[in-house]
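Data first, discussion second: the structure below is written as structure tokens.
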Amino acid sequence: MASTPPHCSLTATKPYQNHQYPHNHLKNNNHRHAHQQNPHPHHWTSHKVSLTKPPLAPSPRNAPKPAATSTTSTQNPNSFHSLSPLPSSKSELTSDFSGRRSTRFVSKLHLGRPKYSMSTRHSSAAEEALQQVIQLAKDDKSLDNILLNFEGRLCGSDDYTFLLRELGNRGEWSKAIRCFDFAIKRERRKIDQGKLASAMISILGRLGKVELAKNIFETALEEGYGNTVYAFSALVSAYGRSGYCNDAIRVFDSMKSYNLKPNLVTYNAVIDACGKGGVDFNQVVVIFDDMLKNGVHPDRITFNSLLAVCSRGGLWEAARNLFSEMVNRGIDQDIFTYNTLLDAVCKGGQMDLAFEIMAEMPAKNLMPNVVTYSTMIDGYAKAGRSDDALNLFNEMKFLGIGLDRVSYNTVLSIYAKLGRFEEALDLCKEMESSGIRKDVVTYNALLGGYGKQGKYDEIKRVFGKMKADRVSPNLLTYSTLIDVYSKGGMYKEAMEVFREFKKAGLKADVVLYSALIDALCKNGLVESAVSLLDEMTKEGIKPNVVTYNSIIDAFGRSSTVECAVDDSDGAPVLQKGASNLNYAVAVDNKEGEEAGKEDNQIIKIFGQLAAEKGGQSKKDNRCRQEMLCILGVFHKMHELEIKPNVVTFSAILNACSRCNSFEDASMLLEELRLFDNQVYGVAHGLLMGHRDNVWGQAQSLFDEVKLMDSSTASAFYNALTDMLWHFGQKRGAELVVLEGKRRQVWENVWSDSCLDLHLMSSGAARAMVHSWLLNIRSVVYEGHELPKLLSILTGWGKHSKVVGDGALRRAIEVLLTGMGAPFWVAKCNLGRFISTGPMVAAWLRESGTLKVLVLHDDRNHPENVRFHQIPNLQMLPL
DNA sequence: ATAGGGTTAG
């Protein structure tokens, strides 16, 4: 094994949910490696906090994790040098942003808040010329004639710059370039040519034409009028705006060799570029320190851009410190400051704090605007607080704050995710009637929403409408659709989308590959998933923690699939999937030669796996192979320094639940130990029946888990319980489940009349059934009457994203039947078991019932045997 | 030179 990864304690998964550490970079692991090389990742917090005093008295929720040693004690706490970055940072960090940024920035371009130059230094002739030029068709050659006509009346670079800027504001970059070419020949003085060049570069940059900007810049350098701070600043900004932050930094660094000193604007531009490119905060602080060292005083925009760096990473504590630093330096805050700070706090999952900050804005004479609201709304939504999000939306409408494209899309995606399509469609209508056309983000949100609900007809309709509206699908559209179809087992459709995606000339990214890999995993084709993992690595696309979590979680699924298919009433979806898969391969072979290498590889893997599925022999053999395979996967994860997170831990526990032997599970737990001692300690301890010894440790683990969003937390409880249940530690499982209930991990699990298991895994649900029935039993024994109707809801089972998979329902059915509990399936709802109060009460009073309900650990620590088992049974004499 | 939205694991 390569170097042991740093101890990472529990690591949350969503940037929005991180209450303690700036570890959202765990989520998109592959461009966030800087901290991983730091042996003490938690020092980061102390670095930040040393900037100024923590704005809040530390509370259990926001207190920084104590670091093992102090690395900041010798530094001046009032200086930014105390923020000096950790000794690592790879420039590759941003490389895989390319796929993402292209779409992000393209869609932003359409929003383009036009920048009106308020300069009145131009002449009225320039205005006239502008009007004439605007009238022309795109590549009308007579543009030069117009300019020639005006030549005598236009006075110098100010007029030409005005023309360029106004054309730029109208998106007319090709006309602007023509004007520029015309003007540059007329100007004699280098200084004026330089002005024109930097204006042109900045205009092209603003329009996202970064290549053209670069050409202008290079020509300018060659011709001798480009070596100005302004031209360099403009190019830095152009690169930054398009997300090419490495290029921005390169240009910035190259200034030295031209003997140019970056000014305030240059520094602001490069810091802004870093924010957009997702550069690690510590790396940006290096630039900031450089700025201070060179005597350039940061201003409001510098701080706003630094805040933006924090917001990207959800580094809310660092953001607060920057804010305090602004105050200390006497720099006023503006609406950008607040909105960016709020974004950082929201992305850090601190919604209550965000609300407080928003509330303090009016006192500073800064009124929350549409950006403030959409930031907050999105924050609440991401934190799983949709009600708060929608309340804020109503508040915003009540206040008469006009909605714009982003706010519409933000709220729309909330409705779509919740499956509230009527409201989503109403919003679409409202949007269009206020003159905002649906864009690719709108459509993607709708497609994702329908996909989540398995509404495939709607998907077809919306996808068709999207094309009819001439909105081009982008990488995210295709990823969404491929994922949706794969999860539904509709491989034919998935492959069609994949082919269309290739035809569109887009390059697969880590998300798309992860979706494909997950599809294979969910169908038990783990080894194929691993081949695809290799394939993507060869393509130069780095897997991230999500990719790995899919694969780990799939361990052992191949045998599960076989069981499910054997089961007479089970898994129609899988079988259907298999046949579609064959079909897809057959169709594809016809066009196989046309397809690129990548496609072939993906199609081949699908085909191989389809074939492999037919042969059901040598199951044990496969398990052995899979074990080797999965150990290889862990090895690779260490090698690539991909930091595990709590989903990884859940995945390992799930994998344990699929082990036939304790020994196999131990091998996996050993991997868990290498990742995180605390989680290992709890899982292993409970598994071994050392409950008393580890319960304290378990409590603090649960405390940490509770800080995450509900689905992450419940997944962890589910995984832990399943593993314990699987190995017969049923009392342990019950304790975990009760703890989860106490901590509201699964919302409203039970009342006297109803047990809602739909968010639970099968082990957790079964343990919960026992507990609930015991609870009801005590109600009966206390002499109370039970409600007339009792029901147990299973839903579709949280574990399976395959719509209609009734694994949980079947497990509960078997359990209830086995116990002789008088429940039956409700006619109108297959996922619901019902009974009547009197019947259940009578059953609970039977002499044998208690014994069936009380759970024990099969594997018990010797000293615990007497203590736990006997009192629970309440019947055996000592 | 500055702010907000859509995709993958659970």
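Within every chain, numbering begins at 1; the chains are lettered A, B, ... in the order of the sequence lines, protein sequences first and strands thereafter. Given the structure is predicted, the values throughout are model-derived calculations rather than measurements.
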Euclidean distance, atom [atom1] of residue [X] to atom [atom2] of [N] [Å, nearest integer]:
| X | N | atom1 | atom2 | value |
| --- | --- | --- | --- | --- |
| A:M255 | B:dA1 | CE | P | 13 Å |
| A:L512 | B:dG6 | CG | P | 19 Å |
| A:L475 | B:dT8 | CG | P | 12 Å |

When you measure from the side-chain N and O atoms of [X] to the phosphate of [N], is any distance below 4.0 Å, counting only OP1 and OP2?
| X | N | answer |
| --- | --- | --- |
| A:K438 | B:dG6 | no |
| A:R405 | B:dG4 | no |
| A:K487 | B:dG10 | no |
| A:R241 | B:dT2 | yes |

(message) Taking the side chain as everything from C-beta on, heavy atoms only, tell me whether A:F393 gets closer than 4.5 Å to A:L403.
(response) yes
(request) Answer yes or no: is there a side-chain heavy-atom contact under 4.5 Å between A:I652 and A:F634? (result) yes
For the side chain of [X], counting heavy atoms from C-beta on, which of [options] is nearest?
| X | options | result |
| --- | --- | --- |
| A:R206 | B:dG4, B:dA3, B:dA1 | B:dA1 |
| A:N549 | B:dG10, B:dT7, B:dA9 | B:dA9 |
| A:D483 | B:dA1, B:dT8, B:dT2 | B:dT8 |
| A:D299 | B:dG6, B:dA1, B:dA3 | B:dA1 |
| A:A715 | B:dA9, B:dG10, B:dA3 | B:dG10 |
| A:V511 | B:dA3, B:dG4, B:dT8 | B:dT8 |
| A:V371 | B:dG10, B:dA1, B:dA3 | B:dA3 |
| A:D518 | B:dT2, B:dA9, B:dT7 | B:dA9 |
| A:A269 | B:dA1, B:dG6, B:dG4 | B:dA1 |
| A:V440 | B:dT2, B:dG4, B:dG6 | B:dG6 |

Would the base of [N] count as contacting [X] through its side chain, where contact means a donor and an acceptor less than 3.5 Å apart?
| X | N | value |
| --- | --- | --- |
| A:S374 | B:dG4 | yes |
| A:N718 | B:dG10 | no |
| A:D404 | B:dG4 | yes |
| A:S514 | B:dT8 | yes |
| A:N544 | B:dA9 | no |
| A:T712 | B:dG10 | yes |
| A:T480 | B:dT7 | no |

For [X], answer base if it contacts any base atom (sugar-phosphate contacts may also be present), sugar-phosphate if it contacts only those atoms, and nothing otherwise; contact means non-hydrogen atoms under 4.0 Å.
| X | value |
| --- | --- |
| A:T442 | nothing |
| A:S479 | base |
| A:V411 | nothing |

(request) Run the salt-bridge test on A:D332 and A:K364 with the 4.0 Å N-O cut-off and return the result as yes or no. (result) no
(message) In terms of relative ring orientation, are A:F323 and A:Y338 parallel, tilted or perpendicular, with 30° and 60° separating the classes?
(response) perpendicular
(message) Between A:F649 and A:F716 (judged by ring centroids, cut-off 6.0 Å), do the two rings come close enough to count as a pair?
(response) no
(request) Return yes if some donor-acceptor pair links the side-chain N/O of A:T537 with the main-chain N/O of A:L533 below 3.5 Å, else return no. (result) yes
(message) Tell me if the OH atom of A:Y478 is crowded by more than 12 foreign heavy atoms within 6.0 Å.
(response) yes
